[in-house]
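Sharing a structure with you now.
Here is the naming used below: chain letters follow the sequence lines, and residue numbers restart at 1 for every chain. Computed from a predicted model, the values in this text were never measured in an experiment.
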Number of protein chains: 2
Amino acid sequence: MNQSSPWQPITPAKPARATREPLTRERIVDTALRLLVEQGYEAVSMRKVAQALDTGPASLYAHVANKKELDQLMLDRAAADMVLPDADPEHWQEQLKAAMDEILRVMRAYPGLARAAIGQVPLGEYAMLSTERMLAILKAGRVPDQAAAWAVDLIPLFITATAFEESVQGAADFAPEDLAGFVDQLRSFFGSLDPARFPLTIALAGAMTTGASGDDRFDFGAQVIIAGLASMVPPQQ
Amino acid sequence: MNQSSPWQPITPAKPARATREPLTRERIVDTALRLLVEQGYEAVSMRKVAQALDTGPASLYAHVANKKELDQLMLDRAAADMVLPDADPEHWQEQLKAAMDEILRVMRAYPGLARAAIGQVPLGEYAMLSTERMLAILKAGRVPDQAAAWAVDLIPLFITATAFEESVQGAADFAPEDLAGFVDQLRSFFGSLDPARFPLTIALAGAMTTGASGDDRFDFGAQVIIAGLASMVPPQQ
DNA sequence: ACCTGAACACCGTTCAAGT
DNA sequence: ACCTGAACACCGTTCAAGT
């Protein structure tokens, strides 16, 4: 080849395609969360995130330590969406319930996020701001310090486990409308057990299968936790 | 080669090695649980279970539908180890606590089992016998039917999530003795936050980091749940 | 410092072929 | 019916090489 041929300029006037934006932590987390929302947790692999950014998986490691860190970053980005109320001593129980609802709402907005969150201590800025606000609500309710400190661990544990369970159900084969069929099957399975060995399971088959979708089950768990915490508040004066 | 050579008998007197025992569901579950106990949940792959049984992964699929079914079978095998008390109306709260302790004990005996159990409805015989016994305890305590039915979902959710968290911590790099160092780091991290934004996290740094190992945190959660359920028991008569 | 291709050491599952 | 080898379509992470 000629080193300088007239129809092959040495410096092309323009690259064939616009220069790609450089990779950043932010773009990686954005892309990961987009994949999470659009295609679920299984779609958030280092390889698929890289592919969506039009690069190879190795390129991500300059910005993110590993998959676990990416999971944490996604969680904290999502936690930024949570809006928890300012503490009001008169209504701490309602406020705590509202806070739990809000955390579940955000978890549900990013289906599969619970899989990234479960079992991890969330140390991101936004997750910790949520913790701080929950502590304020509990202290306003005069929940003892040690109980409040453990409660802000127990509450996300409960919510995350709930959202995790929902995401497993959601990721299963059946569409939402098949869920009703599954619940029917489950109830008749309970009903068909040996009455000598499973009398209560049979008797409560209906109660055990209600609230499989919707919020009744979650509201019950929240109520149990709140009532349990309330029982630890010492009498006034 | 000669079709019948004198030093190469057509029917060897004995196979070189004993005939392998045939694969069964039971042997597969046994092997999977052994790997789980010895090497943790990550070691329980279809391929590694097959390898431990001296065969290929495809061979397992004649006995087990898929990995998820194997997880369920492991869980139910472990559930057979659980010994829950007969219901006694006088002591339902203590009995419920004992039942929760027992379920956690078995979970801990199979580290990583929580990862197989989380998010699944356990429909195996032994898991359901545990459920039946918990229902008996709750009914003995006059917990309303719907609350009891949901409680036997909430309680394993809590225990499994707790065990899951422990298994993540356990699978992390640090050995048990490094945990203390990690907790120290965490406490000083909380202490070093911006006092204007995280006043309560700073004030409660000590309380939030106590009970990282041991049973205090679990006992607290169990107490919250039991007290919450007790608050739903209608007054006598 | 950032990015890349290629490789390493894995996964779960399927399928045609054997016995 | 049960078992197998080989393949398919994936993983997370590392590393030497480029710019």
Side-chain angles (χ1 to χ4, degrees), chain A residues 10-12 15-32 35-36 38-75 112 115-116 119-120 168 171-173, chain B residues 10-12 15-32 35-36 38-75 112 115-116 119-120 168 171-173:
Chain A
I10 285 155
T11 347
R17 25 182 292 168
T19 323
R20 269 192 308 185
E21 286 172 67
L23 279 180
T24 60
R25 242 168 189 257
E26 217 192 345
R27 288 189 66 217
I28 291 169
V29 177
D30 284 344
T31 305
L35 286 175
L36 184 76
E38 289 171 5
Q39 300 175 51
Y41 182 69
E42 302 72 32
V44 186
S45 66
M46 297 299 273
R47 301 177 98 101
K48 284 188 186 138
V49 171
Q51 198 181 20
L53 286 163
D54 211 9
T55 183
S59 302
L60 305 184
Y61 287 85
H63 302 92
V64 155
N66 50 36
K67 176 72 189 329
K68 203 171 133 187
E69 187 176 87
L70 179 55
D71 282 349
Q72 291 262 25
L73 291 170
M74 286 194 290
L75 176 64
R115 290 161 120 94
Q120 315 270 12
V168 170
D173 295 333
Chain B
I10 286 157
T11 346
R17 26 182 293 169
T19 321
R20 272 192 305 185
E21 285 172 67
L23 280 180
T24 59
R25 243 169 188 257
E26 216 192 346
R27 287 188 67 217
I28 292 170
V29 177
D30 284 344
T31 305
L35 286 176
L36 184 75
E38 289 171 5
Q39 299 175 51
Y41 183 69
E42 302 73 33
V44 186
S45 66
M46 296 299 271
R47 301 177 97 101
K48 284 190 187 138
V49 171
Q51 196 181 23
L53 287 162
D54 212 9
T55 183
S59 302
L60 305 184
Y61 286 85
H63 302 92
V64 157
N66 49 35
K67 177 71 191 327
K68 203 171 134 188
E69 186 175 88
L70 180 54
D71 281 350
Q72 291 263 24
L73 291 170
M74 284 194 290
L75 176 64
R115 290 161 121 94
Q120 315 271 11
V168 170
D173 294 334

Handout entry: salt bridge (Lys or Arg N to Asp or Glu O under 4.0 Å) partners of B:Glu69, counting only residues at least two apart
Key = B:Arg25

Completion exercise
For nucleotides 5-11 of chain D, 5' to 3', base contacts (B), sugar-phosphate-only contacts (S) and non-contacts (-) with protein non-hydrogen atoms under 4.0 Å give B-B---B

Practice task
Report the distance from atom CD of B:Glu21 to atom P of D:dC3, rounded to the nearest whole Å.
Solution key: 12 Å

Exercise for the section: Check for a donor-acceptor pair, side chain of B:His63 on one end and backbone N or O of B:Leu23 on the other, with a separation under 3.5 Å. Expected result: yes

Return the polar atom pairs (N/O with N/O) between nucleotides 16-19 of chain C and the protein under 3.5 Å, or none.
none

Practice task
Would you please name every residue forming a side-chain contact (heavy atoms from CB on, under 4.5 Å) with B:Ala58, sequence neighbours left out?
Solution key: none

Practice task
Applying side chain to side chain contact (heavy atoms under 4.5 Å, CB included), run through B:Asp71 and B:Arg115 and close with a yes or a no.
Solution key: CA-CA 9 Å; B:Asp71 281 350; B:Arg115 290 161 121 94; over 6 Å; no

Handout entry: CG on B:Leu60 to CG on B:Leu53, rounded to 0.5 Å
Key = 7.0 Å

Exercise for the section: Tell me, please, which residues at least two apart from B:Asn66 pass side chain to side chain donor-acceptor pair (under 3.5 Å). Expected result: none

Practice task
Starting at atom CG of B:Leu53, determine the distance to atom P of D:dT4, rounded to an integer number of angstrom.
Solution key: 10 Å

Completion exercise
One should read off an interatomic distance between B:Asp30 CG and B:Thr24 OG1, to the nearest 0.5 angstrom, of 7.5 Å

Exercise for the section: Starting at atom NE2 of B:His63, determine the distance to atom C1' of D:dC2, rounded to an integer number of angstrom. Expected result: 7 Å

Handout entry: Any residue meeting side chain to side chain donor-acceptor pair (under 3.5 Å) with A:Ser45, in chain and number order, not counting sequence neighbours
Key = none

Completion exercise
Value for CD (A:Gln120) from CG (A:Leu75), rounded to nearest 0.5 Å, stands at 8.5 Å

Problem - Length of the line joining A:Lys68:NZ and D:dT13:P, which is rounded to integer Å - result: 10 Å

Problem - Gap between atoms CG and P, on B:Leu60 and D:dT4 respectively (whole Å) - result: 10 Å

Handout entry: Span that lies between the C1' atom of C:dC2 and that of D:dA16, in whole angstrom
Key = 15 Å

Problem - Any residue meeting side-chain contact (heavy atoms from CB on, under 4.5 Å) with B:Ala52, in chain and number order, not counting sequence neighbours - result: B:Thr31, B:Arg34, B:Leu35

Completion exercise
CZ (A:Arg47) and CD (A:Gln51) are apart, to the nearest 0.5 Å, by 10.0 Å

Problem - Distance, rounded to the nearest Å, where A:Lys67 contributes NZ and D:dT13 contributes P - result: 8 Å

Practice task
Anything below 3.5 Å on both distances counts as a pair; with that, list the stems of at least three consecutive Watson-Crick or G-U pairs involving DNA chain C.
Solution key: C:4-8 with D:12-16, C:12-16 with D:4-8

